[in-house]
Amino acid sequence: MTNSLVFTARPGKNYMEQIPRDVKGRAVAVMAEGKIYDLRLSPEREVEAQVVTQDSEEGIRILRHSAAHLLAQAVTELYPGALPNAGPVTEDGFYYDIFMDPISSQDLERIEERMREIASRDIPIVREVHSRQELLSIFSCNRFKLDKIRANVPEGGQSTVYRQGEFVDFCQGPHVPSTGYLKHVKLLSVASTNYLGDPSRERLIRIYGTAFPDEKSLKQYLKNREEALRRDHRRIGGEEMDLFVFNSERAPPGFPLYTPYGAAIRNELIQYMRDLNRENGWLEVSTPHIFRDTIWKQSGHYAKYRPNMYVFQLEDGDGYGVKPMNCPGHITIFERRMYSFREMPVKLCEAGTVYRYEKSGEVGGLTRPRMFTIDDGHAFLRKDQIQEEVISILRMITRTFREILGITDMKFDLSVIDREHPENYLLSYRCHSCSSVSEIRAASLQGELACPVCGSREIEPDFSAWDEATEQLRKALESLNIQYKEYPGEAAFYGPKIDVHVKDALGRYWQFSTVQLDFFMPINFDLTYVGSGGSKERVVMIHRAIYGSYERFMALLLENFAGKLPTWLSPPIQVYITPVSNSYDDYAAEVSRALSREGIRVELDTSPETVAKKIRMIRQKRPAYIVVVGERERSSGSVTVRNRKDQQNSYGLSEFISRLKEEIRERNLEQTL
RNA sequence: GCCACCGUAGCUUAGCAGGUAGAGCAGCUGAUUCGUAAUCAGCAGGUCGGGGGGUUCAAAUCCCUCCGGUGGCUCCA
């Protein structure tokens, strides 16, 4: 903060008149004694005030909230009868929910035009204080605002409205002094929502927009947004690079089909994980996609997860469920024999494809398919091995994201139990009457919660297993110096977990890795090992995934690199080869053979098109390198290579091959040629 | 699941005052044999997402229904 942002404000004149001249143009409000005030207000006594500028975090929120009012004003002017509900600020803009007839995105232009027009009139935005009675009468035509007044202004109390011309809104503010501050606005999209999120209540139209202090930053934001749309993995991977296809007439919605190009990337990712798993003691297994319903009943999936499962019955009457998770399969392998305490932990892993009937509105692209493959792993361990194993998994996670994506700033979330709602979890209950302990998930019970042994209602949840597990997770995170946040109530029904969210190049967070402790599946399946004293000891389970799913990870890959994958991961085409004309087909073929003999994925194109056209066409597929050969190359035994930065360099063929192989072997993030 | 918007050839799209589809790219054929983001010409490709219903003399165009895609869905004055 520079000094000119702080000044002494005196009573008698409003803040606007007292703001230091050099920052006046950027000011939208002032902060005094910890509170933010409109510039049109005057201090009640002499105070140290700090200017809130429109480019500060708080300032831009004020600007955007004011823009939301501007939007509401424009809409109510254009659509008589429209009733504004609420217009909060979002992370990068604002929206306003308005009760009105549905509009399409084309109508946004008209509304935006009106907003600009109102902004150019520079109408003063004035704060007024009114009694509850007055407020109710001002907004007598708007039942949504009446609800808010009744809910927020006590009987006999007062609150504020902000008025700009004909438009008045019930609002605490603060706001910019006049509509002239709001010239750099843009409406972005229209969606719908229900009042109070209740489907039985009124359907509101939600209009999204954003506002900036100046045209330049607005333009920059819109440019970034454009870039985001261009980076959409559905566009890059599905249309341009031809990696996968969705065909809802043939396969169910949300079931991706991979082309040879897409399958090659998947296989490369699978191979990477195979190596990492082996290095860390994880043994690969393979399990069926379909299990009898008995296993799903035992695992508890039928109780909780059935609506999300593909279940079916054959004519013989037996019921089956397509797996939504891999754990029962891995458990079935683990329980085939006894393990000694010396053999623990047993760590089984699999690129396991699961099928989940996700709600129709949730399905979309590779980030939310209904069929996806988890790089799944289940560790069966002794209680004393938890922390060490979690640490090992966390290391695998950080390494994977660093090596493949070059990303290091992941968000770790520790999801813990909500102690206020024990019924949502599988918990031990202790009975006060008979002192027995039983594992129950209260929400799955039909009747009253009661002791299964003596029937007493005097039972109490015992959180100790959860607390212990949670503490192990905390310690693991802390021992690696990983910053994390705790989220009560976000835990799985069977245990606490660590989820990893990764920010992509566009600043959006996606959930990928997960490490879930599970004390209860071992109880359901009675999983034990033989302890050092020869007694059966209870196994602890960890469910973990590093990528999360191959689908979502591939989406992140594509968006993160805008399709320009590192060479090792560029199996669609690592090297595209074309001769300058068909006279050099032979040499091009020779180069192609030499590369592919070395395991490099090449695509030779001897079609009789111009080089310019071929390059234009192939760029969509994003080959790592484009090799063009003609007389110069043939006579010197070399290749001319065009890299992703569109730089051209010539290399001797053998040098090119050895350096390329090196780049692939090292899994370099950057191109070296 | 609920709500809104959208759905014309593989892709991008014209047609959106209702009169039974027009283009560019890709594809194919031929010519061109070419030095790094558009060589030329020709051909073919659409029952206007699909099924059903309605309005009309007439529907890609208007209405309803089903399907799919996209965005949104406690609170946030």
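For the numbers below, each heavy atom of this structure counts, side chains included, while hydrogens, waters and symmetry mates do not. Letters go in sequence order (proteins before strands), and every chain restarts at 1.
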Can you name the residues that form a salt bridge (Lys or Arg N to Asp or Glu O under 4.0 Å) with A:Asp242, not counting sequence neighbours? none

Nearest-Å distance, CD1 (A:Ile615) to P (B:rU39)? 12 Å

Tell me yes or no: between the side chains of A:Glu551 and A:Tyr258, is some donor less than 3.5 Å from an acceptor? yes

A:His421 NE2 to B:rU74 C1': how many Å, rounded? 14 Å

What does A:Arg203 touch in the nucleic acid at a heavy-atom separation under 4.0 angstrom: a base, only the sugar-phosphate, or nothing? sugar-phosphate

For B:rG35, the nucleotide meeting Watson-Crick or G-U wobble distances (both under 3.5 Å) is none

Measure the distance from CZ on A:Arg250 to P on B:rG10 and round it to the nearest whole Å. 13 Å

Can you confirm whether more than 12 heavy atoms, excluding those of A:Gln647, are under 6.0 Å from its CD atom? yes

Evaluate the side-chain proximity of A:Tyr195 to A:Asn85: yes if any heavy-atom separation is below 4.5 Å, no if none is. yes

Roughly how many Å is it from CD in A:Glu240 to C1' in B:rC25, rounded to a whole number? 13 Å

Heavy atoms only, 4.0 Å cut-off, all strands: where does A:Glu633 land among base, sugar-phosphate and nothing? base

Does A:Glu249 reach a base, just sugar-phosphate, or nothing at all? Heavy atoms under 4.0 Å. nothing

Taking atom NZ of A:Lys564 as the centre, does the number of heavy atoms from other residues, nucleotides or ligands within less than 6.0 Å exceed 12? no

Check this for me: A:Glu655, atom CD, are more than 12 non-hydrogen atoms of other residues, nucleotides or ligands nearer than 6.0 Å? yes

Could you tell me which nucleotide pairs with B:rU29 by Watson-Crick or G-U wobble geometry, both distances under 3.5 Å, or answer none if nothing does? B:rA41

Give, for atom CZ of A:Arg230 and atom CD of A:Glu240, the distance between the pair rounded to the nearest 0.5 Å. 9.5 Å

Please round to the nearest 0.5 Å and tell me the distance separating atom CG of A:Asn142 and atom CG of A:Asp147. 9.0 Å

Considering every strand and a 4.0 Å limit on heavy-atom distances, what is the contact class for A:Lys613: base, sugar-phosphate, or nothing? sugar-phosphate

Looking at B:rG71, which nucleotide sits across from it as a Watson-Crick or G-U wobble partner, both distances under 3.5 angstrom, or is there none? B:rC3

For B:rA9, the Watson-Crick or wobble partner whose two distances fall under 3.5 Å: none

Protein heavy-atom contacts under 4.0 Å, written 5' to 3' over nucleotides 65-71 of chain B as B (base), S (sugar-phosphate only) or - (none), form the string ---SSSB

Once you apply a heavy-atom cut-off of 4.0 Å, does A:Thr578 come out as touching a base, just sugar-phosphate, or nothing? nothing

Is the shortest distance from a Lys or Arg side-chain nitrogen in A:Arg593 or A:Glu590 to a carboxylate oxygen in the other one below 4.0 Å? no

Answer for the Watson-Crick or wobble partner of B:rA59, both distances under 3.5 Å, is none

Which residues within residues 146-166 of chain A lie with some heavy atom under 4.0 Å of an atom in RNA chain B? A:Lys148, A:Asn152, A:Ser159

